[in-house]
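Worksheet: the structure to be examined is printed underneath.
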Amino acid sequence: MSKFREKYYALTAVFRPLPNFIIIGAQKAGTTSLFHYICQHPQVFANNSKEIHFFDRHHQLGANWYSSHFPLAGRLQPGRRSRMGEATPYYLCHPHAPGRIAALLPKVKLIAVLRHPVERAISHYFHEKKKGREHLPILEAMQREEERCAGEWQRMLEDASYFSQTHQSFSYKQRGIYIEQLQRYWKFFSKEQIFIVESSRLFSKPQAVLKQVFNFLEIDSSIVIQDVAVKNANPTKKAAEPEVYAYLKQFFAPHNEMLQNALGQDFGW
């Protein structure tokens, strides 16, 4: 964005309403695809800003900075193009995001896309490899996560202004402990305010899932989205060795059981 446009958006921030829905995560679970699908709905303003990172990385910049990423109020129309949102996958895991969102947007609708945590962790690893940030072999990276991230997570808890690239990059397993992440949100939001989408079902039955999402957002659920191709897939992702799958499956088993008991849903993980 040019400096002129950035200044214009900042000066007009007070005339820009805040979003009424947020896709809060998870990373590598299909958030980009879901956001793209939702933005095709005629009652949704197709906001160009997907990952704003306000409630995790840029919170100190204030609400006006956040609202500057959204359209002017005059571009929204009651009944048509009345919904707008963003999607930042790190919000689901970040320890301070739930409270920050609740303080600014207590009535916002939240959508969490949950992917099989083993597959999510492996995809996350290859994403970091592609970015050039990960140099360990995959099994070692998974096994050393606690060692690499423990101090960073504690510092995040103690210092709300601290942002950790180490944690964002290497939290392969923690990002898949969905029960802990949702419990942090349930402290601030009712379960009815958070819609859960299971990733594999989103891609196998996109229209059926989108109908549920549109009902949740209180917009016309009869709309059929034309482009439901997968977005932001990682072509560099490879199959991991069997011992990686075995290690991760054992790690996630108790967390998955608690999640499915809490939601009353069996995802088959």
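For this chain, numbers begin at 1 and follow the sequence in order.
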Checklist entry - Does any pair with a residue in residues 256-269 pass salt bridge (charged side-chain N to carboxylate O under 4.0 Å, His left out), and if so which ones, sequence neighbours excluded? => result none
Item to check | Residue pairs passing the salt bridge (charged side-chain N to carboxylate O under 4.0 Å, His left out) test where at least one lies in residues 136-153, sequence neighbours excluded | outcome: E134-R148, E140-R144, R144-E147, E146-K173
Checklist entry - Are R115 and E198 ion-paired here, with the side-chain N under 4.0 Å from a carboxylate O? => result no
Hey, are [Y] and [X] close enough side-chain-wise for a donor-acceptor pair under 3.5 Å?
X	Y	value
H116	R120	no
S67	R16	no
S161	Q60	no

Checklist entry - With side chains defined as the heavy atoms from C-beta onward, is the minimum distance between F251 and I177 less than 4.5 Å? => result yes
Next on the checklist: Is the shortest side-chain heavy-atom distance between W269 and L114 below 4.5 Å?
Outcome noted: yes
Next on the checklist: Check whether S169 reaches the backbone of Q165 with its side chain - one donor and one acceptor, N or O, closer than 3.5 Å.
Outcome noted: yes
Checklist entry - Does NZ belonging to K231 count more than 12 external heavy atoms closer than 6.0 Å? => result yes
side-chain hydrogen bond (donor to acceptor under 3.5 Å, both in side chains) with [X]: which residues, sequence neighbours excluded?
X	result
Q181	none
Q212	R201
R184	none

Item to check | Criterion side chain to side chain donor-acceptor pair (under 3.5 Å) on Q27 and R175, from CA distance to verdict | outcome: CA-CA 8 Å; Q27 183 207 32; R175 299 277 200 107; 3.2 Å; yes
Between [X] and [Y], is the ring centroid distance below 6.0 Å?
X	Y	result
F216	F21	no
Y178	H255	no
H94	Y90	yes

Checklist outcome for this item: Rounded to the nearest 0.5 angstrom, the CD-NZ distance for E192 and K109 is 10.5 Å
Checklist outcome for this item: The reported gap from CD1 in I111 to CD1 in I22 (rounded to nearest 0.5 angstrom) is 10.0 Å
Next on the checklist: Enumerate the ring pair (Phe, Tyr, Trp, His ring centres under 6.0 Å) contacts for residues 135-154, please, sequence neighbours excluded, ordered by first and then second residue.
Outcome noted: W153-H167
Next on the checklist: Which label fits Y66 and F54: parallel for a plane angle under 30°, tilted from 30 to 60°, or perpendicular past 60°?
Outcome noted: parallel
